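Just so you know, these numbers come straight off a predicted model, no measurement behind them.
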2 protein chains.
Amino acid sequence: MPATCEQPLTLHKEKVLALKDAIELLSGKWKFCILLNLYNYGTLRFKDLQETSVGITPKVLSKELQELEENQLITRTVNNTKPVTVSYALTPHATEIQPVINALVEFGLKHRMKIKGTSS
Amino acid sequence: MPATCEQPLTLHKEKVLALKDAIELLSGKWKFCILLNLYNYGTLRFKDLQETSVGITPKVLSKELQELEENQLITRTVNNTKPVTVSYALTPHATEIQPVINALVEFGLKHRMKIKGTSS
DNA sequence: ATAGTCGCTTTCCTAAAGGTAACGGATAAC
DNA sequence: GTTATCCGTTACCTTTAGGAAAGCGACTAT
């Protein structure tokens, strides 16, 4: 039905499925933010993530971290420190998301200028 | 607090804000999918989008399109055809999102192989 | 006049996301 | 023994996203 079709239909459908997988995994208010902080700082403890992801509550942070770990995007390491601390870090597999985040950040910056300049 | 800091704090905070803006705008189950279809086909009518975004209901599609239009990512054009048709197309500003979608698709493909190969 | 297409809108509902607040065990400092 | 830190968990609640089903106005074809 569409007027133009730039690529085979099957290839396009595969892309749609892959996109839906990625969305199912990463959508929500916090996951990208958590990952960005880990990209920037390398390794962060629970409390660090609570502070850098401004506004998140411990309950939600805990849940997001579990989901990211289940999907092998981060690792969880318990350190035997004085009060127990837990370190979170990215897995190699998570580096595949870095281009996504970079692109999102860049779009966000441009969109800010575009929209907030227009509607004022 | 974080162990390593690869860039100035202010720059990082700006990135976090831009990322949150982008997430607020694009998160959800359908927006990326709609945009991908428009990238692929160039221009689509309401019903085309309903078919290519498999599973979406007219109500939700309508809402998503309105939000995308409000944010100047797509244009809405009413054609004076026999039964009324409406064409949706991307704005130049929307091309900024293409890298995001490409990166998401690529991640989705790799993640499929990684996870579904592992857990079987 | 009946039935179909297209682009929605409306109503109703459920499930999930996410927030608030308080508490828990472990350990350590005062 | 009281307080504090760290990493959560639990219980409860509100908000939002999103799905199901039906209808509607304009037009067309039979």
Side-chain angles (χ1 to χ4, degrees), chain A residues 1-3 16 19-35 37-38 41 43-71 74-89, chain B residues 1-3 16 19-38 41 43-71 73-89:
Chain A
M1 286 299 167
V16 173
L19 183 60
K20 286 190 176 181
D21 281 356
I23 289 170
E24 193 179 349
L25 178 57
L26 296 169
S27 80
K29 199 174 171 182
W30 296 111
K31 292 210 182 67
F32 281 118
C33 188
I34 290 168
L35 292 173
N37 286 320
L38 288 173
Y41 294 113
T43 293
L44 290 173
R45 291 173 304 125
F46 190 86
K47 212 207 172 190
D48 295 332
L49 283 166
Q50 221 179 135
E51 286 166 8
T52 52
S53 309
V54 184
I56 201 170
T57 60
K59 172 201 160 190
V60 174
L61 178 56
S62 176
K63 182 189 152 223
E64 303 287 291
L65 290 172
Q66 282 173 28
E67 289 175 13
L68 289 172
E69 195 192 358
E70 278 169 18
N71 284 286
I74 63 172
T75 58
R76 196 186 105 108
T77 313
V78 180
N79 314 305
N80 49 353
T81 48
K82 341 179 178 186
V84 171
T85 58
V86 181
S87 297
Y88 295 90
Chain B
M1 284 299 168
V16 172
L19 183 61
K20 287 191 174 179
D21 281 357
I23 289 170
E24 193 180 349
L25 178 57
L26 296 170
S27 82
K29 199 174 171 182
W30 297 111
K31 293 210 181 68
F32 281 119
C33 188
I34 291 168
L35 293 174
L36 175 59
N37 285 320
L38 289 174
Y41 294 113
T43 293
L44 290 173
R45 292 174 305 124
F46 190 87
K47 212 206 173 189
D48 295 332
L49 284 166
Q50 222 179 132
E51 286 166 7
T52 52
S53 308
V54 185
I56 201 170
T57 60
K59 172 202 158 189
V60 174
L61 178 55
S62 177
K63 181 190 152 222
E64 304 286 291
L65 291 172
Q66 282 172 26
E67 290 175 13
L68 289 173
E69 196 192 359
E70 279 168 18
N71 284 286
L73 293 176
I74 64 172
T75 57
R76 196 185 105 109
T77 312
V78 179
N79 315 304
N80 48 355
T81 49
K82 343 183 179 186
V84 172
T85 58
V86 182
S87 297
Y88 295 91

Query - side chain to side chain contact (heavy atoms under 4.5 Å, CB included) partners for K47(B), two or more places apart - result: Q50(B), E51(B)
Query raised in the report: What is the distance from CG of N79(A) to P of dT27(C), rounded to the nearest Å?
Result: 15 Å
Query raised in the report: For I23(A), what residues pass the side chain to side chain contact (heavy atoms under 4.5 Å, CB included) criterion, not counting sequence neighbours?
Result: L19(A), S27(A), F32(B)
Short N/O separations, protein against nucleotides 18-28 of chain D, under 3.5 angstrom:
from    : atom 1 : to     : atom 2 : distance (Å)
dG18(D) : OP1    : K29(B) : N      : 2.6
dG19(D) : OP1    : K29(B) : NZ     : 2.6
dG19(D) : OP2    : W30(B) : NE1    : 3.2
dG19(D) : O6     : K59(B) : NZ     : 2.3
dC27(D) : O3'    : K82(B) : O      : 3.4

Please list, one pair per line, the donor and acceptor atoms closer than 3.5 Å that link side chains of residues 75-82 of chain A to other protein atoms, with sequence neighbours excluded.
from   : atom 1 : to     : atom 2 : distance (Å)
T75(A) : OG1    : A89(A) : O      : 3.4
N79(A) : ND2    : T85(A) : O      : 3.4
N79(A) : ND2    : T85(A) : OG1    : 3.0
N79(A) : ND2    : S87(A) : OG     : 2.9
T81(A) : OG1    : P83(A) : O      : 2.7
T81(A) : OG1    : T85(A) : N      : 3.2
T81(A) : OG1    : T85(A) : OG1    : 2.9

Report summary line: Separation of dC6(D) atom P from L65(A) atom CG, nearest Å, is 16 Å
Query raised in the report: Hey, does the side chain of R76(B) come within less than 4.0 Å of dC8(C)'s phosphate (OP1/OP2), counting only N and O?
Result: yes
**Report entry** Any side-chain heavy-atom pair of L44(B) and Y88(B) under 4.5 Å
**Finding:** no
Query raised in the report: Should S62(A) be listed as having a side-chain N or O under 4.0 Å from OP1 or OP2 of dT9(D)?
Result: yes
**Report entry** N71(A): side-chain hydrogen bond (donor to acceptor under 3.5 Å, both in side chains) partners, not counting sequence neighbours
**Finding:** none
Requested in this report: Could you check how far CD of E24(A) sits from C1' of dA17(C), rounded to whole Å?
Outcome: 14 Å
Query raised in the report: Given atom CZ of F46(A) and atom C1' of dG24(C), what is their separation to the nearest angstrom?
Result: 14 Å
Requested in this report: Report the residues that fulfil side-chain hydrogen bond (donor to acceptor under 3.5 Å, both in side chains) with K20(A), sequence neighbours left out, ordered by chain and then residue number.
Outcome: none
Query - Q66(B) side-chain N/O to dT9(C) phosphate OP1/OP2 under 4.0 Å - result: yes
Report summary line: N80(B) CG to dC6(C) P, in whole Å, measures 17 Å
Report task. Could you tell me whether E67(B) contacts a base, only the sugar-phosphate backbone, or nothing, with contacts defined as non-hydrogen atoms closer than 4.0 Å? Result -> nothing
Requested in this report: Return the set of residues passing side-chain hydrogen bond (donor to acceptor under 3.5 Å, both in side chains) with K29(A) (not counting sequence neighbours), or none when no residue passes.
Outcome: none
Query raised in the report: For the pair made of CG in L44(A) and P in dC7(D), what is the distance, rounded to whole Å?
Result: 11 Å
Report task. Examine distances only and state if a side-chain atom of T52(B) and a backbone atom of D48(B) form a donor-acceptor pair shorter than 3.5 Å. Result -> yes
Query - Value in whole Å for how far the C1' atom of dG18(C) lies from CG of L61(A) - result: 13 Å
Query raised in the report: dT5(C) P sits how many Å from R45(B) CZ, rounded?
Result: 13 Å
Report summary line: With sequence neighbours left out, the residues meeting side-chain hydrogen bond (donor to acceptor under 3.5 Å, both in side chains) with E69(B) are none
Query raised in the report: For DNA chain C, what is the dot-bracket line, given that a base pair needs Watson-Crick (N1 to N3, plus N6-O4 or O6-N4) or G-U wobble (N1-O2 and O6-N3) geometry with both distances under 3.5 Å, and | means paired with another strand?
Result: |||||||||||||||||||||||.||||||
